[in-house]
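See structure below.
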Amino acid sequence: MEKYQKALDAFSKALDEEMVAKMVSEILDKHFQKNFTPDVRKFLYGCLDLTSLEASDSKESIWKMVERVNAFEDQHPDINNVAAICVYPNFVVTVKEALTTENINIAAVSGGFPSSQTFTEVKIAETALAISDGADEIDIVINLGMFFEGEYPEMCEEIQEIRDVCKDTKLKVILETGMLKTPQNIKNASILAMYSGADFIKSSTGKNSPGASLEAIYTMCEAIREYYTLHNRKIGIKVSGGVRTAEDAVKYYTIVKEVLGKEWLTPELFRIGASSLAKDLLPVS
């Protein structure tokens, strides 16, 4: 426990809710309008994790989604295609078989998604199977029960075990910020996830309400910025949960740009997980 508390103590305290809201408001008032442009919207399309995580998903529905991705370049040659296609692990093979477009990653939610409430051994096996089937990225959820009870070693060691299975596969760790609620909880969870080997920290599963919020993303960005200062390692950020319009997406882009800087504005470090956002980002034809 001592090393995890030491890791947390190396960071500044999170701003309180009122101050976070004030900082977010000031950033958007000053910078949002100049970012709400066709070029930024095109850029954001290339940062999408195009997602289908429904109980009704089938091989046919996933195949059709991938076919739309395959057709995109011919329809919109001036816009980068999505960064990844995100599905349940049992559909990784379907995506791999259907995908003919290059440079698009296959992401699989794993580790007992969306609650993280299953055996560690099951999480590890599910992750290994998804990678074996062709997943390039794995999205998992922290164990919130362990976090709230202060069982940081157990929570972090579980993430580390999954990280070990991932090897070179990108690991995104979902914090479920709407359930963490306070800026300090969000910052602590961000720090522990990064400390445990996350390549990305992600706001929400999209399965619980509330999902992402501008204030939560601001706090996560602050944690990432401090982590980079301390460890010289860039951690990506993924916004997910309730991002439905181009206006929403540009607001998150603006927060990331102002807190972390332009060097984070690349699909390698910035993603938006969405199923309905894609069409709203495209130019009106």
**Message:** To the closest 0.5 Å, what do you measure between CZ (Phe91) and NZ (Lys59)?
**Reply:** 8.5 Å
**Message:** Given the ring of Tyr227, does Arg233 sit roughly above its face, with NZ or CZ under 6.0 Å from the centre of the six-membered ring and within 45° of the axis?
**Reply:** no
**Prompt:** Salt bridge check: are Asp139 and Lys202 linked by an N-O gap of less than 4.0 Å?
**Reply:** yes
**Message:** Run the side-chain hydrogen bond (donor to acceptor under 3.5 Å, both in side chains) test against Asp57 and tell me which residues pass, sequence neighbours left out.
**Reply:** Ser52
**Fill in**
Residues passing the side-chain hydrogen bond (donor to acceptor under 3.5 Å, both in side chains) test with Thr182, sequence neighbours excluded, are Asn185
**Asked** What do you reckon, are the aromatic ring centroids of Tyr152 and Phe147 less than 6.0 Å apart?
**Response** yes
**Request:** With sequence neighbours excluded, give me every side chain to side chain donor-acceptor pair (under 3.5 Å) pair touching residues 264-274.
**Result:** Asp49-Arg271, Glu137-Arg271, Thr266-Glu268
**Request:** Please name all residues satisfying side-chain hydrogen bond (donor to acceptor under 3.5 Å, both in side chains) with Asn80, sequence neighbours left out, ordered by chain then number.
**Result:** none
**Message:** Among residues at least two apart in sequence or on other chains, which ones pass salt bridge (charged side-chain N to carboxylate O under 4.0 Å, His left out) with Lys251?
**Reply:** Glu247
**Counterpart residues, salt bridge (charged side-chain N to carboxylate O under 4.0 Å, His left out), relative to Asp133 (two or more places apart)** = none
**Salt bridge flag under 4.0 Å for residues Lys42 and Asp78** = yes
**Prompt:** Hey, do the aromatic rings of Phe72 and Tyr45 have their centres closer than 6.0 Å?
**Reply:** yes
**Complete:** Note: Tyr195 and Gln160 closest approach over all heavy atoms is O-NE2, 4.4 Å
**Item:** Lys123 with Glu126: basic N within carboxylate O range, under 4.0 Å
**Value:** no
